[in-house]
Amino acid sequence: VQLQASGGGLVQAGGSLRLSCAASGFAFSSRAMAWYRQAPGNEREKIATITNGGNTIYVDSVKGRFAISRDNAKKTVYLQMNSLKPEDTAVYFCNFAYGPQSWGEGTQVTVSS
């Protein structure tokens, strides 16, 4: 299993970023996928889930601002992040929604005020 997140960066509050996660080594289309994030000093939290059927679930703190999507042909999951806030600053990871596997490096998102 390989999961490579990309697309992070430095953005001002109110801005947008789109993260991508390229997957390989497993049957991507059959797995529910999720985006997680970990801020300094905090535990990693799951913030957005997309099932193999395309249903989505969000944690309250990002609901209405973030959107998770997937392209099964490209074996890629995306996270569109709008109206970013300084508290969204974290390292973002993608992984299985249930029973996550080994974690990659993630991608750093920094939101300045």
Side-chain angles (χ1 to χ4, degrees):
V1 172
Q2 290 193 333
L3 299 161
Q4 182 63 53
S6 62
L10 174 63
V11 63
Q12 288 188 333
S16 299
L17 282 173
R18 189 194 195 204
L19 306 183
S20 299
C21 176
S24 62
F26 63 98
F28 178 80
S29 62
S30 67
R31 299 300 295 257
M33 300 297 295
W35 282 95
Y36 300 75
R37 69 185 179 186
Q38 186 168 19
N42 290 357
E43 294 187 354
R44 188 178 287 126
E45 64 170 337
K46 184 163 59 178
I47 61 170
T49 298
I50 185 164
T51 68
N52 58 344
N55 294 320
T56 57
I57 305 166
Y58 300 94
V59 68
D60 285 347
S61 59
V62 307
K63 199 174 295 182
R65 300 187 299 121
F66 291 10
I68 187 171
S69 60
R70 65 190 298 159
D71 184 331
N72 289 337
K74 295 182 178 179
K75 297 185 179 180
T76 301
V77 61
Y78 303 97
L79 185 68
Q80 177 66 44
M81 305 187 296
N82 299 325
S83 302
L84 282 161
K85 304 175 181 180
E87 51 263 44
D88 295 318
T89 295
V91 180
Y92 285 71
F93 305 84
C94 67
N95 212 314
F96 296 163
Y98 310 106
Q101 301 296 297
S102 60
W103 298 94
E105 293 183 351
T107 187
Q108 175 72 48
V109 172
T110 302
V111 184
S112 63
S113 57

- Sorted by chain and residue number, the side chain to side chain donor-acceptor pair (under 3.5 Å) partners of Glu45 (sequence neighbours excluded) come out as Arg37
- Mind checking ring pair (Phe, Tyr, Trp, His ring centres under 6.0 Å) for Phe28 and listing every partner two or more places apart, or none if nothing turns up? none
- With hydrophobic residues grouped by side-chain heavy-atom distances under 4.5 Å, do Leu79 and Val62 end up in a single group? yes
- Message: Nearest 0.5 Å, please: how far is CZ in Phe26 from CD in Gln2?
- Response: 10.5 Å
- Item | Euclidean distance, Cys94 SG relative to Arg70 CZ, rounded to 0.5 Å | 11.0 Å
- Check for a donor-acceptor pair, side chain of Arg65 on one end and backbone N or O of Ser83 on the other, with a separation under 3.5 Å. yes
- Message: A cation-pi test, strictly: NZ or CZ of Arg44 under 6.0 Å from the centre of the six-membered ring of Tyr36 and no more than 45 degrees from its axis. Yes or no?
- Response: no
- Message: For Ala34 versus Lys46, what's the shortest heavy-atom pair and its separation?
- Response: CB-CD, 3.6 Å
- Query: Out of curiosity, does Tyr98 fall in the hydrophobic cluster containing Trp103 (side-chain heavy atoms, cut-off under 4.5 Å, transitive links)?
  - Reply: no
- State yes or no: do Leu3 and Val91 share one hydrophobic cluster built from I, L, V, M, F, W and Y residues joined by side-chain heavy-atom distances below 4.5 Å, directly or via other members? no
- pair Thr49-Ile68: side-chain heavy atoms closer than 4.5 Å: no
- Message: Do Ile47 and Tyr92 make a side-chain contact, defined as non-hydrogen atoms from C-beta onward lying under 4.5 Å apart?
- Response: yes
- Can you tell if the side chain of Met81 reaches within under 4.5 Å of the side chain of Val109, non-hydrogen atoms only? yes
- Considering all heavy atoms, the nearest Ser16-Asn82 contact: OG-OD1, 3.0 Å
- For the ring pair Phe66 and Trp35, is the centre-to-centre distance below 6.0 Å? no
- Lys75 vs Ser24, side chain to side chain contact (heavy atoms under 4.5 Å, CB included): CA-CA, chis, key distance, verdict: CA-CA 7 Å; Lys75 297 185 179 180; Ser24 62; 5.7 Å; no
- Message: If I take atom NZ from residue Lys63 and atom OG1 from residue Thr56, how far apart are they, to the nearest 0.5 angstrom?
- Response: 9.5 Å
- Item | From Lys85 atom NZ to Ser113 atom OG, the distance as rounded to the nearest 0.5 Å | 14.0 Å
- Above 12 or not: heavy atoms from other molecules or residues under 6.0 Å from CD of Gln80? yes
- Please round to the nearest 0.5 Å and tell me the distance separating atom CE of Met33 and atom CG of Asn95. 6.5 Å
- Please round to the nearest 0.5 Å and tell me the distance separating atom OG1 of Thr89 and atom CD of Gln108. 7.0 Å
- Verify, without hydrogens or angle tests, whether Tyr78 (side chain) and Ala67 (backbone) share a donor-acceptor contact under 3.5 angstrom. no
- Message: Under 4.5 Å between side-chain heavy atoms, counting indirect links through other Ile/Leu/Val/Met/Phe/Trp/Tyr residues: same cluster for Leu17 and Tyr58 or not?
- Response: yes
